[in-house]
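These notes concern the structure reproduced below.
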There are 2 protein chains.
Amino acid sequence: MGPEGIHPDLRDVLRKSNIDLSVITGKQAGVEVMNGYWYKYPHAAITTDCVIFGYDKSGLSVLLIKRGIQPFEGCWAIPGGFMRLDESADECARRELQEETGLDTAFIEQFHTFTDIGRDPRERVITIAYFALVNKTEVRAGDDAAEAQWFPIGQLPNLAFDHAEILAAAHQSLKEKIHFEPIGFELLPEVFTMPELQNLYEAILGVKFDRRNFYRKMMNLGLLDAVDDGIVRNSPRIPINYRFNKEKYDEMKEKHKFRIEF
Amino acid sequence: MGPEGIHPDLRDVLRKSNIDLSVITGKQAGVEVMNGYWYKYPHAAITTDCVIFGYDKSGLSVLLIKRGIQPFEGCWAIPGGFMRLDESADECARRELQEETGLDTAFIEQFHTFTDIGRDPRERVITIAYFALVNKTEVRAGDDAAEAQWFPIGQLPNLAFDHAEILAAAHQSLKEKIHFEPIGFELLPEVFTMPELQNLYEAILGVKFDRRNFYRKMMNLGLLDAVDDGIVRNSPRIPINYRFNKEKYDEMKEKHKFRIEF
DNA sequence: CTTATTAGTGTTAATTCTACGCAAAGTTAG
DNA sequence: CTAACTTTGCGTAGAATTAACACTAATAAG
């Protein structure tokens, strides 16, 4: 399966013709021959798709792009693209995210690889799916001309390929992960208030919490630092600003004590 | 990226020679040409690897095979192989498992896709990794001549490629999943006793439980049915045989009430 | 002035967890 | 034969956690 070397018959033909043999080099992936690559066995193509989650007071939403080319032209789709041979899937997903949002440090996580045979009508394509959690306020429009738009989860348009399935799986994965890792914070600005945090959790998990119990639970976890913003807060009417404390989280994670669940 | 059609120069050369052009057909993946496939862009190869977990009273172990070919010839490795274009990754993993163990109904689950650039010295290969939970007593030797052997987790040999990393990730994934899904039962014979079940959990999670609390927890979950095996059990000295109740599990899963944790 | 919002503390009952004790009745080792 | 051990099953007392709601203070918004 590796670089097979060029097929003897083909080599012969090429040698007899005046095509430059110097382009025929044993590359890491297959044999490069005349602007193309030759393999003894058929190879599927590999893409990464990145479900980008954002959050604001209206709830949880995902960033979709309108496809400019066939197939599914004009259809909404999860951002993604073909993996290059000089990058890992993580790097590929991060590159896609950067192109689409301008962000290069967001939280991303691989959650599943989709391999159904007919999922792309053109050829056999498998996709390594990621989800990203971004702070919507930091996102700027994508570089490319592709139309991009946020859709509230629950008001999604029809999606290209098997992207509806991928998106549903991403949402499910997010729900499951949020119990045991403080990834919810990735969706908020660096500084946030307690009601904002609670709304976020309620939006993702689809449940309601008692405000006071939520407050106590969060404070007892010790993950929140009040921000000293100089504002005199003699009135509780002004929400307190908090910041996530990463050190305490790392410490807590080792002891397997972390859990946010109601 | 799709089927690119055959390169005009190459087509010309082939036409001038006496090589049969009929083999050049537009296939789903790339263009088939003279026992090979030609693509405009380089493609990585795709494999699945399947970490097969087994369990007996000596603890948790994994099935490894000794590689008969280069690279890493003579080295132990996780069973796996190249994905064909007419099968999904799930089917590929299940096929590998069947070839290695003779089992065709075991529990398998995809947990991560490994894509590091240098992970295979031959060419770019990504692997979709699965773990399987099998009942060791049902496993028969693999069909192929390849040497296969069970290794207790914790006494693993040096492994080929990045298989040590894959195996560690599989074990971690198993540990996390076992809290919320009754996949532990997949490792046991259909009928088992309470001490066997407890030993299994202790072996996987690496902790000790109080026998009585474990008993009560399991019974309260309602997932175990005592087996009516006709043996008169007027003595507690004879362990009771249990069987896993799948219906109750499905019912419980919907209500999100399932958890095994101590 | 009224209503709504936010922070924070209290309280209380219900539930769950943890760590044991104990009895019955055999099996196994010596 | 005896002593030690195994397994089932119930009990239980204290600690910890959860869930549900009361209440105050302060003030912004209308």
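Protein chains get the first letters and strands the later ones, always in sequence-line order, with residue 1 at the start of each. Only heavy atoms go into these numbers, but all of them, side chains included; no hydrogens, no water, no symmetry mates.
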Self-check item: Residues Ser88(B), Thr115(A); criterion side chain to side chain donor-acceptor pair (under 3.5 Å); working and verdict
Solution: CA-CA 5 Å; Ser88(B) 68; Thr115(A) 66; 4.6 Å; no
Measure the distance from [atom1] on [X] to [atom2] on [N] and round it to the nearest whole Å.
X: Phe214(B); N: dA19(C); atom1: CZ; atom2: C1'; result: 17 Å
X: Lys217(A); N: dA16(D); atom1: NZ; atom2: P; result: 16 Å
X: Asn220(A); N: dT9(C); atom1: CG; atom2: C1'; result: 13 Å
X: Gln198(A); N: dG8(C); atom1: CD; atom2: C1'; result: 14 Å
X: Leu197(B); N: dT7(D); atom1: CG; atom2: P; result: 13 Å
X: Met218(B); N: dT7(D); atom1: CE; atom2: C1'; result: 17 Å
X: Asp210(A); N: dG8(C); atom1: CG; atom2: P; result: 16 Å
X: Leu221(A); N: dT17(D); atom1: CG; atom2: P; result: 11 Å

Quiz item: Does the side chain of Leu167(B) come within less than 4.5 Å of Ile153(B)'s, by heavy atoms?
Solution: yes
Self-check item: Pairs where residues 151-168 of chain B contributes a residue and the test salt bridge (Lys or Arg N to Asp or Glu O under 4.0 Å) is met, not counting sequence neighbours
Solution: Arg119(B)-Asp162(B)
Quiz item: Could you give the distance from OG1 (Thr48(B)) to OH (Tyr130(B)), rounded to the nearest 0.5 Å?
Solution: 7.0 Å
Quiz prompt | Residues that Tyr242(B) engages under ring-ring contact (aromatic ring centres under 6.0 Å, His included), provided they are two or more places apart | solution = none
Exercise. Please determine if Arg95(A) and Glu99(A) form a salt bridge, counting it only when a charged side-chain N lies under 4.0 Å from a carboxylate O.
Key: yes
Self-check item: Protein-to-nucleotide contact annotation, 5' to 3' order, nucleotides 9-14 of chain D [B base; S sugar-phosphate only; - none; under 4.0 Å, heavy atom]
Solution: BBBB--
